[in-house]
Amino acid sequence: SSGVQQTGGRHDMARKSAGSSRKPVRAARSVTRAGKAKPRSRALELRHAPRQSRSKATFEQILDATALLLESKGLEAINTNAIARAAGINVATLYQYFPNKQAVLLALFQRFSARRIETGKDRLVGISRSADWRAMVDATVEGLVEVRRQLPGTASLMQAMRIYPELRAYHRDTRAQIAQPIADEIAAASRLPMEEALRIATCAIEAHVALLDFWQIDSGGRDDRIIEQVKLMMQRYLAPYFDVAVGKGNHRNGNATGR
């Protein structure tokens, strides 16, 4: 079937040999706002965390090759043999770091997510106190678009994070991490309960991600008119919450009313 790892007995032996002498590196545990850690899947733990410059370069080479495969051939083409070929390494070298293709996809997602989180923090801090919050939203969308332009394969990567059951929890946790500061700003501006603010922030994230996926897949990332629609959608969706902070909107009984 498509996307299924194609490995023979020789590669299985290489994988066992690569992992037999090393203890698996435990994946990070996510921490909720209440401080309780959520367990991670041990099947996705790195076998070996790169520490030397050469191993770090190989690790990044594997991720870069995976991103280019996702961009050029889609998720169905991803398996450990294909990644190793694209990276110009032996599959046994890949197995020194990763136990399976899902672990490679997770590492790539974590690299992508770090850029997304950094972009959001840089551009959205203080939006609840700004009369020019629409410009801040536009700058955030533009920053996220630039991240996608610099990191190929993100639309297929986001698809993978939803398709594979073992990856979904990581996707949800990262989404919550991104949503929290946005929810803080929404709650500060509108005085909504945090639970409702989080729901609004999460919907905003899912909506813009879906449209950016559409922009990449449908137009190959070339139709900037779609980006303008993303900006407009985000402005109109968030207006009832941020306009109220500058006297331009209203809020009744915890339900936003449009302009």
**Request:** Let me know which of Thr174, Asp173, Leu157 forms a side-chain contact (heavy atoms from CB on, under 4.5 Å) with Ser113.
**Result:** Thr174
**Message:** Could you tell me if the side chain of Glu185 sits less than 4.5 Å from the side chain of Phe242, heavy atoms only?
**Reply:** yes
**Item:** Residues Val141, Gln235; criterion side chain to side chain contact (heavy atoms under 4.5 Å, CB included); working and verdict
**Value:** CA-CA 11 Å; Val141 172; Gln235 288 181 19; over 6 Å; no
**Request:** Working to the nearest 0.5 Å, report the span between CD1 of Ile127 and CG of Leu238.
**Result:** 7.0 Å
**Message:** Under a 3.5 Å distance rule, please check whether Arg175 uses its side chain to pair with a backbone N or O of Thr202 as donor and acceptor.
**Reply:** no
**Prompt:** If two hydrophobic side chains count as joined below 4.5 Å and joins carry through other members, does Val125 share a cluster with Met234?
**Reply:** no
**Item:** Verdict with supporting geometry, Arg123 and Val137, side chain to side chain contact (heavy atoms under 4.5 Å, CB included)
**Value:** CA-CA 8 Å; Arg123 291 165 172 79; Val137 168; over 6 Å; no
**Taking every non-hydrogen atom, the tightest pair across Ser156 and Gly74** = OG-CA, 4.0 Å
**Asked** Would you call Leu192 and Tyr241 a side-chain contact if the rule is heavy atoms closer than 4.5 Å?
**Response** yes
**Prompt:** Does some side-chain heavy atom of Ile83 sit less than 4.5 Å from a side-chain heavy atom of Phe98?
**Reply:** no
**Message:** Measuring only between side-chain heavy atoms, which start at C-beta, is Leu105 closer than 4.5 Å to Leu70?
**Reply:** yes
**Item:** Electrostatic pair Asp218-Arg225, nearest N-O below 4.0 angstrom
**Value:** no
**Item:** Exercise: identify the closest heavy-atom pair between Leu63 and Ala107
**Value:** CD2-CB, 3.8 Å
**Prompt:** Cluster question for you: counting only ILVMFWY and a side-chain heavy-atom cut-off of under 4.5 Å, with indirect links fine, are Leu151 and Leu68 together?
**Reply:** no
**Same apolar cluster: Ile117 and Val209, side chain cutoff 4.5 Å** = yes
**Asked** In Å and rounded to the nearest 0.5 Å, what is the CG to CD distance from Leu69 to Glu76?
**Response** 12.0 Å
**Message:** Show the nearest heavy-atom pair for residues Ala201 and Ala179, with the distance to one decimal.
**Reply:** CB-O, 3.6 Å
**Request:** Evaluate the side-chain proximity of Leu106 to Met161: yes if any heavy-atom separation is below 4.5 Å, no if none is.
**Result:** yes
**Request:** Please report the closest heavy-atom contact between Pro152 and Ala67, naming both atoms and the distance.
**Result:** O-CB, 3.4 Å
**Asked** If you round to the nearest 0.5 Å, how far is CG of Leu94 from CZ of Phe59?
**Response** 10.0 Å
**Request:** Please examine the side chains of Pro181 and Leu124, heavy atoms only from C-beta on, and report whether any two atoms are closer than 4.5 Å.
**Result:** no
**Prompt:** Can we say Lys121 and Glu118 salt-bridge, meaning some charged N sits less than 4.0 Å from an Asp/Glu carboxylate O?
**Reply:** no
**Prompt:** Is the side chain of Asp224 donor-acceptor paired with the backbone N or O of Ile227 at a distance under 3.5 Å, no angle test?
**Reply:** no
**Message:** Test your reading of the model: is there a side-chain donor-acceptor pair from Tyr237 to the backbone of Ile200, 3.5 Å cut-off?
**Reply:** yes
**Prompt:** Once you round to the nearest 0.5 Å, how far does CG of Asp132 lie from CE of Met136?
**Reply:** 8.5 Å
**Request:** Among Arg148, Gln159, His208, find the residue that satisfies the side-chain hydrogen bond (donor to acceptor under 3.5 Å, both in side chains) test when tested with Asp213.
**Result:** Arg148
**Asked** Any salt bridge between Asp243 and Arg134, counting N to O under 4.0 Å?
**Response** yes
**Prompt:** Just wondering, more than 12 heavy atoms not from Arg191 lying within 6.0 Å of its CZ?
**Reply:** no
**Request:** Quick one: pull up CZ in Phe112 and OG1 in Thr154 and give me the separation to the nearest 0.5 Å.
**Result:** 5.0 Å
**Request:** Looking only at non-hydrogen atoms, find the nearest pair between Ala43 and Asn100 and report the distance.
**Result:** O-ND2, 3.2 Å
**Item:** Test item: Leu44 and Leu167 side chains (from C-beta on) under 4.5 Å apart, heavy atoms
**Value:** yes
**Asked** Where does the angle between the aromatic ring planes of His48 and Tyr97 fall among parallel (under 30°), tilted (30 to 60°) and perpendicular (over 60°)?
**Response** tilted
**Asked** Does Ile163 belong to the same Ile/Leu/Val/Met/Phe/Trp/Tyr cluster as Phe109, with side-chain heavy atoms less than 4.5 Å apart forming each link?
**Response** yes
**Asked** So how far is it from Ile205 CD1 to Ile182 CD1, rounded to the nearest 0.5 Å?
**Response** 4.0 Å
**Item:** Residue pair Met158 / His171, side-chain heavy-atom distance below 4.5 Å
**Value:** yes
**Asked** Any Lys/Arg nitrogen of Glu206 or Arg162 sitting under 4.0 Å from an Asp/Glu carboxylate oxygen of the other?
**Response** yes
**Request:** Using the side chain to side chain contact (heavy atoms under 4.5 Å, CB included) rule, take Met233 and Leu211 through it: C-alpha gap first, then chi angles, then the decisive distance, then the call.
**Result:** CA-CA 10 Å; Met233 179 202 68; Leu211 280 178; 3.5 Å; yes
**Fill in**
Heavy-atom closest pair (Trp215 atom, Asp223 atom, distance to 0.1 Å) is CD1-O, 3.2 Å
**Message:** What I want to find out is whether Glu60 reaches Lys56 closely enough, with some N-O distance under 4.0 Å, to be called a salt bridge.
**Reply:** no
**Item:** Pair Gln150-Glu146, side chain to side chain contact (heavy atoms under 4.5 Å, CB included): steps then yes or no
**Value:** CA-CA 6 Å; Gln150 294 174 5; Glu146 187 59 28; 3.1 Å; yes
